[in-house]
Amino acid sequence: CIRDSSKVDQAKIIFGEAKRMVQQSPAINKHSEIFKLNIGFPVNDSYIRPVGSDRPFDGLSPHGVIFDELHAWNESKREFLNTMVTGSGSRRQPMQLTVTTAGDEKSHIYNEQAEYVRGVLDGSIQDPTVFGIIYELDKEDDIFDEANWIKANPNIGESLKIEYLREQSTKYSQLANSGPFIRYHANRCVSSVEHVVTAELWDKNAGDLSDWQSADSIGVGVDVGGRFDLASIGLVAKWNISDDPEKPRYRYECKSINYLNSQSKWDVDREPMRTWLAMDLIKRSEFVITQIQNDVMDIAYPLGAQYIAFDPWNAAQLAEVWEQAGMIPVKMPQTTAHFHETLQEFQLALTEERFKASPADPVLRWAALNMAIRMDHTERTMPDRKNSKEKIDPIVGVLMALRAVQAAPQKASGSLVL
């Protein structure tokens, strides 16, 4: 028996459950030999083993295969899938079991098999060798109505707690992007690309900015972009608006400073680029990196900004300069692990109208409306430059500044007694 997933680590989860089941069954356990990654059965020379789909594994003759999380299988895994199925040809009663949540438009293998199973279920395909069951909400269902959740989560109250679903529903019902809840808790396919900022949402938050001298803290984010690309400094100030000192809740204000390399191949005569350059909303510079370094010291530092987020891949030397000046660098590689929580807070703050941007900053608004986000297999999200409509460097710089200001400690309150 072979158990498989798109990656060995995921396959080990299934293998671990198989090992636990064998150990809890005296009748089976006495006939097995359990090792770290293999359960052997000497009585018939068979075994259970986790296998990753990074290579075809020709020559195997599996009796049973569990394909886990098929939605994560890309086209490169098709050969492996075929060898696992055709390799069972010598078996009298082979079985392939596929377990998966919903995918997106890029989940080609998943989509093929899901459509086939739907055809079997509705009778348009006659195949008595296939049994399928799909737990999902109907298209017309309200995904946040808990009366519907049982359709996609038949194990509510057992392995899945209703309190957890309520908590997730509350969170995602307030966010512009509810894709993770739709996919993992309604079991419906979603788009791999989501746009989280609408013009209406952004404009609701637009307004005159406060005096930042009163802010609890100010963070800086630097997106240096490519050599001939747009580059940005983001600044975010935060104020605690919670009455509970144990549960701070913040409102934010943001600014951006944007640069374009003088040697850029962008068409600077097209609108709105020409107007923005003429108004100095985007600064032309022959030495963008040097100007960013100086502007952080000349603009952000005097404001009292302390924490500064940077990408260690292309701004490590800049971080050293700012650290020597007394600022605190915060590493922020361009990964979902580093952007997810910040992006969630950004979406929630926008929805609750506590993330203010100046209406006099059309470049930042343009970038925010351009921004698409992508989600990885663990439901974590980050800005998606590749699938965004246009450049997003200004809003990425602001998100990095938000991450920096999140890292800043809460402002002390009360009086000091000596």
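These values consider heavy atoms only, across backbone and side chains, with no hydrogens, waters or symmetry-generated copies.
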Would you tell me whether Gln406 and Thr342 have side-chain atoms, one donor and one acceptor, within less than 3.5 Å of each other? yes
Can a donor-acceptor pair be found between the side chains of Asp223 and Ser232 at a distance below 3.5 Å? no
Check Arg385 with Asp393, please: is the shortest side-chain N to carboxylate O separation under 4.0 Å? yes
Does Glu246 have more than 12 heavy atoms from other residues, nucleotides or ligands lying within 6.0 Å of its CD? no
Answer yes or no: is there a side-chain heavy-atom contact under 4.5 Å between Phe355 and Leu402? yes
Note, Asn258 side chain near Leu281 side chain (heavy atom, < 4.5 Å): no
Polar contact flag, side-chain donor to acceptor under 3.5 angstrom, Arg78-His108: no
Could you tell me if the side chain of Ile218 sits less than 4.5 Å from the side chain of Val236, heavy atoms only? no
Over 12 non-hydrogen atoms of neighbours within 6.0 angstrom of CG in Asp45: no
Considering only NZ, NE, NH1 and NH2 on the basic side and carboxylate oxygens on the acidic side, decide whether Arg188 and Asp141 come within less than 4.0 Å. no
Might you point out which heavy atoms bring Thr351 and Leu201 nearest each other, and give the distance in Å? CA-CD1, 4.0 Å
Got more than 12 heavy atoms from elsewhere within 6.0 Å of CD, Glu271? yes
Under-4.0 Å salt bridge between Lys161 and Glu167: no
May I ask you to decide if Ala372's main-chain N or O and Ser388's side chain share a donor-acceptor pair within less than 3.5 Å? yes
Measure the shortest side-chain to side-chain distance between Ile282 and Val363 over non-hydrogen atoms and say whether it is less than 4.5 angstrom. yes
State, without any angle test, whether Glu286 and Ser262 hold a side-chain donor-acceptor pair at a distance under 3.5 Å. no
Atom of Ala231, atom of Val288 and distance for their closest heavy-atom approach: CB-CG1, 3.8 Å
So Ser107 and His71, side-chain hydrogen bond (donor to acceptor under 3.5 Å, both in side chains) or not? Walk me through it. CA-CA 5 Å; Ser107 306; His71 70 88; 5.1 Å; no
Scanning both residues in full, the closest heavy-atom pair of Val130 with Val120 reads O-CG1, 3.8 Å
Return yes if a side-chain donor-acceptor contact under 3.5 Å exists between Tyr259 and Asp295, otherwise no. yes
Quick one: list whatever passes ring pair (Phe, Tyr, Trp, His ring centres under 6.0 Å) with Trp276, sequence neighbours left out. Trp366
Side chain of Lys19, backbone of Lys36: donor and acceptor closer than 3.5 Å? yes
If only atom types and distance count, is the side chain of Ser173 paired as donor or acceptor with the main-chain N or O of Ser169 below 3.5 Å? yes
Nearest heavy-atom contact between Leu364 and Val398 is CD1-CG2, 3.7 Å
Where is the tightest heavy-atom contact between Tyr252 and Val405, given as atom of each residue plus distance? CE2-CG1, 4.2 Å
Show the numbers, then the answer: is there a side-chain hydrogen bond (donor to acceptor under 3.5 Å, both in side chains) between Asp127 and Tyr116? CA-CA 10 Å; Asp127 189 344; Tyr116 191 86; 2.6 Å; yes
Looking at every heavy atom in both Asp376 and Tyr184, which two are closest together, and how far apart are they? O-OH, 4.1 Å
Is a side-chain donor or acceptor of Thr170 paired with a backbone partner of Arg166 at a separation under 3.5 angstrom? yes
I'd like to know whether Thr86 forms a side-chain hydrogen bond (donor to acceptor under 3.5 Å, both in side chains) with Asn82, so could you lay out the CA-CA distance, the side-chain angles of the two residues, the decisive distance to 0.1 Å, and finally the verdict. CA-CA 6 Å; Thr86 59; Asn82 291 338; over 6 Å; no
Would you check if Val224 and Leu318 make a side-chain contact, meaning some heavy-atom pair closer than 4.5 Å? yes
Just wondering, do Gln306 and Ser217 contact through their side chains at under 4.5 Å, heavy atoms? no
Quick one: do Asp203 and Arg365 make a salt bridge, cutoff under 4.0 Å? yes
Set of ring pair (Phe, Tyr, Trp, His ring centres under 6.0 Å) partners for His185, sequence neighbours left out: Tyr164, Phe181
Quick check on the 6.0 Å ring-centre criterion: do Tyr47 and Phe41 meet it? no
Salt-bridge test for Glu345 and Arg249: reply yes if a basic N is under 4.0 Å from a carboxylate O, no otherwise. no
Does a donor on one side chain sit under 3.5 Å from an acceptor on the other, for Trp313 and Gln334? no
For Glu390, is the CD atom crowded, meaning more than 12 foreign heavy atoms sit under 6.0 Å from it? yes
Kindly say whether Ser25 contributes a backbone atom to a donor-acceptor pair with the side chain of Asn29 at under 3.5 angstrom? no
Is it true that the side chains of Ser256 and Asp361 contain a donor and an acceptor less than 3.5 Å apart? yes
State, without any angle test, whether Asn240 and Ser242 hold a side-chain donor-acceptor pair at a distance under 3.5 Å. no
Counting distance only, does the side-chain N/O of Asp138 pair as donor-acceptor with the main-chain N or O of Glu140 below 3.5 Å? no
Checking the side chain of Asn187 only, and the main-chain atoms of Ala102 only, is there a donor and an acceptor separated by less than 3.5 Å? yes
Is it true that atom CD of Gln317 has more than 12 heavy atoms of other residues, nucleotides or ligands lying nearer than 6.0 Å? no
Could you check whether any side-chain heavy atom of Trp212 comes within less than 4.5 Å of a side-chain heavy atom of Lys255, counting everything from C-beta outward? yes
Closer than 4.0 angstrom, basic N to acidic O: yes or no for Glu17 and Lys12? no
Quick check: are there more than 12 heavy atoms from other residues, nucleotides or ligands sitting under 6.0 Å from NZ of Lys204? no
Applying the side chain to side chain donor-acceptor pair (under 3.5 Å) criterion to Thr381, which one of His340, Gln347, Arg374, Glu341 satisfies it? His340
Supply the atom-to-atom distance Arg380 CZ to Met382 CE, rounded to the nearest 0.5 angstrom. 11.0 Å
Keeping the roles fixed (side chain from Asp311, backbone from Pro333), state whether a donor-acceptor pair exists under 3.5 Å. no
More than 12 heavy atoms from other groups under 6.0 Å of CD on Glu163: yes
For the CG atom on Asp122, are there more than 12 heavy atoms of other groups (residues, nucleotides or ligands in this structure) within a distance under 6.0 Å? yes
Side chains of Tyr110 and Asp104 only: does a donor on one sit below 3.5 Å from an acceptor on the other? no
Taking Asn38 for its side chain and Arg49 for its backbone only, find out whether a donor-acceptor pair lies under 3.5 Å. no
Side-chain atoms of residues 322-330: list all donor-acceptor pairs with protein atoms under 3.5 Å, sequence neighbours left out, distances to 0.1 Å.
residue: Trp322; atom: NE1; partner: Gln293; partner atom: O; Å: 3.4

Side chains of Ile156 and Asn153 in contact at under 4.5 Å (non-hydrogen atoms): yes
When you look at Gln344 and Phe339, which way does the side-chain contact (heavy atoms from CB on, under 4.5 Å) test go after all the steps? CA-CA 9 Å; Gln344 293 274 293; Phe339 270 92; over 6 Å; no
Is the shortest distance from a Lys or Arg side-chain nitrogen in Glu136 or Lys151 to a carboxylate oxygen in the other one below 4.0 Å? no
Can you tell me if Trp202 uses its side chain to pair, donor with acceptor, with the backbone of Ala357 under 3.5 Å? no
